[in-house]
Structure formats: C-alpha cells, structure tokens
2 protein chains.
Amino acid sequence: MTRSSGRLANDAWESLLVAHAVLMKRFAAEDIWVEVSMREYDVLYTLSKCDEPTRLGELGRNVLLSQPALSRLVERLVERGLVARSADPADGRGVLLDLTETGRHVQRRVGGRHGASVARSVRAELTEEDMLKLEEICRRLAGQDGSERENEE
Amino acid sequence: MTRSSGRLANDAWESLLVAHAVLMKRFAAEDIWVEVSMREYDVLYTLSKCDEPTRLGELGRNVLLSQPALSRLVERLVERGLVARSADPADGRGVLLDLTETGRHVQRRVGGRHGASVARSVRAELTEEDMLKLEEICRRLAGQDGSERENEE
DNA sequence: CAAAAATTCATGCGTTTGCATCTACCTCAA
DNA sequence: TTGAGGTAGATGCAAACGCATGAATTTTTG
C-alpha cells in the first residue's frame, strides 16, 4: 500500500521529532552540563562558529528561543564572563556579541565531551553513508543548501 | 577530502538540529496555537496515537519535558477538560491518561491544520524518496526499530 | 527635512520549567 | 509478613520563559 505524499511528509517529520527528542534526552542526562546548560552551550557554540562579532538578532535566528529569552540568556552569559557585549558602531540599536577567551575555553571543553557523546550515539546506529544522507536531507529541509537566496554583497 | 566518522556524525546531528529549529520556528509562528500551545498539542497528539489509556511516565518518554513539568502540563489539560486522568487499577502509584471527547476534537482540529503545514514545508524541499529515507534513518537513529541498545562508557 | 513607520533590543509581568524532595505504592528478600 | 529498596507521580520553590510593551535608533515617506 502507498502512503500519500502528505502522509509521507508528516511521518518523516514525526520521525525526525522523535529522533530529536530521544537523543536530546540522552544528551541532557549526561553529566557535562555543569558549567553551562544545554541552551547556554547552544549559544556559545553558535558564537564559536562566527569569526566576527554577531548581532543578537542573528543569533536568534539560529536558536530556538524567543527574543526576550535570548536577550536575558546572553545577559547571564555576559555577567558570567563568557560572552562580550558591545554596541554596534554601524547601527545604534544593535548589539554585537562575541565569545570571551573564557567563553571560548568553556565552549571547547564542553563541546569536546558533548561531541564525543554525539558521535557515540550517532555511530552506534548509522553508517557513514547514512550520516551523509541525513545531513544532505536535513540541510535541504532547512532550506540551507546552495539554492537559497541570500543577501550577499 | 574525507571527514572523519566522528565529524560526519556531528555534522549530521547538527544538520538535524538546524532543520528542527528552522521548522519548529516556522510552525510556532503559525496562527493555529490558540486552543492549545505546541507542547500541549504534542501531548494530545501522543495520547491520540494510543488506543488504551496511557501512563504518565510512558507519555514522558515521548515528550521532551521533565517529569514535574509534564505532570503539571497534564494537570492543566485535565482542568481544561481535554484529558481524563484516572488511577491505574493495576498499580496504585500509576496514573492513566486518555483524551476526552473534547480533547480528541481539539487534537483533530489543530492536527489537521498543523499536519497540512508540515506537509507543505516538507514537500517544498524533499522528494518522496527523501521523505522515506529520512524516516528510515531517523527511526534507526532513535533506536526505534529492531535492535535496542544500552549506552555506557 | 520632518513625521510616520519599522527595526532592534530591553523590561514588566504572569506562566511554565527544572531541581530537589516528598508521599504513596510496589517488589522482593529474609 | 515485614522491612529495605525501588518506582510513579505530586509539590515547594527559584530560575527561566513567552507575550506584550517600551525606549532608542534607523529607515521610509510625503
């Protein structure tokens, strides 16, 4: 029997949700979120991927949090000396964020352990071919493959 | 060039996280979460898939929430008449949950709109073959087929 | 060029979450 | 049977969240 295209799409999305939930729970249960919580790590990791200081709003596009929640999460990270906040010279409303040295160290330390854990879980179930395929499909699903109209200058 | 297996695994996981975040944001922005929030819907949906009354703990395994948070979320749904809570005759500690008629109606109404939205987003980017492949890989990633496995150091 | 509209981030406030802990019940061994 | 140990769910409480809104700045428009 053949599932309809809509049904296929919903089943695929649900399987992604389940995989996300299962692995997130497993990762959350690990004993490595002492220095920073998982969400805080998410922000540190995102910042670590940007060489230049990043706008708060830009950060918000990559993090699953409301704008006020992100604003205050960043504020806490600044208070703890993990993130540096500065005014954007090009836009008086904007705020530029960057990792401090401490923040970078914490990100690397936690990231190392977390990354090992991720690799363990993923490799336990998927072949390398699967991983490549999953990455390709997810990138496309997120609209992040080459064919995206981006404001380049 | 060849990425290491650990690198492949982390890249795959990150792409899944990004896809999850991007689509979740899109879905959250839709105007259909008036009757129930997205998390509440998640619970209603999970219950709708179980024909028999379901234990709270069982529900918790499928929902990305702490046990107390889920306990109270369910409590609110009970108060609003969407979920029925009863003692488990087989285990005095347990709590059995089930959708009420109202709850079932709400789940179907919201689910219809949400499902259409999901289908729209997924179909816009993926072929049916992709959807099947994604589902298969995610099921495996979640350890939801055949071989169950325990993880330790 | 001034006023209106839009944008960026912060803040007030009520709600929800997670952690630690508690209670009630089940299981099992002696 | 009984008491130790384990499990299911509820509750107190501080932290964190989302919504609505505010303040400051930029952009647009007439």
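Numbered from 1 within each chain, the chains take letters A, B, ... in sequence-line order.
Phosphate proximity of D:dG9 to B:R55: present, with a side-chain N or O under 4.0 Å from OP1 or OP2.
Atom CG in A:L65 sits roughly 18 Å away from atom P in D:dA15 (whole-Å rounding). Distance CG (B:D88) to C1' (C:dA24): 14 Å, rounded to an integer number of Å. The CG atom of A:L96 sits 12 Å away from the C1' atom of C:dT8 (whole-angstrom rounding). Summarising the geometry, the separation between CG on A:D42 and C1' on D:dA16 is reported as 16 Å, rounded to the nearest angstrom.
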After noting the C-alpha distance and the side-chain angles of A:D11 and A:R7, does the key distance pass the side chain to side chain contact (heavy atoms under 4.5 Å, CB included) rule?
CA-CA 6 Å; A:D11 287 350; A:R7 180 64 190 238; 3.3 Å; yes
Could you give me the CA-CA distance, side-chain angles and deciding distance for B:H114 and B:Y45, then say whether side chain to side chain contact (heavy atoms under 4.5 Å, CB included) is met?
CA-CA 11 Å; B:H114 178 51; B:Y45 176 71; over 6 Å; no
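By the 4.5 Å heavy-atom criterion applied to side chains, A:L44 and A:V83 are counted as neighbours.
Contacts of residues 66-80 of chain A with DNA chain D (heavy atom under 4.0 Å): A:S66, A:P68, A:A69, A:R72, A:R76.
Of the residues near DNA chain C, A:R93 and A:R85, the one whose nearest nucleotide (by heavy atom distance) lies more toward the 5' end is A:R93.
Environment of CD in A:E129: sparse, with no more than 12 heavy atoms of neighbouring residues, nucleotides or ligands closer than 6.0 Å.
Judged purely by atom type and a 3.5 angstrom limit, B:D42 has no side-chain atom pairing as donor or acceptor with the backbone of B:R39.
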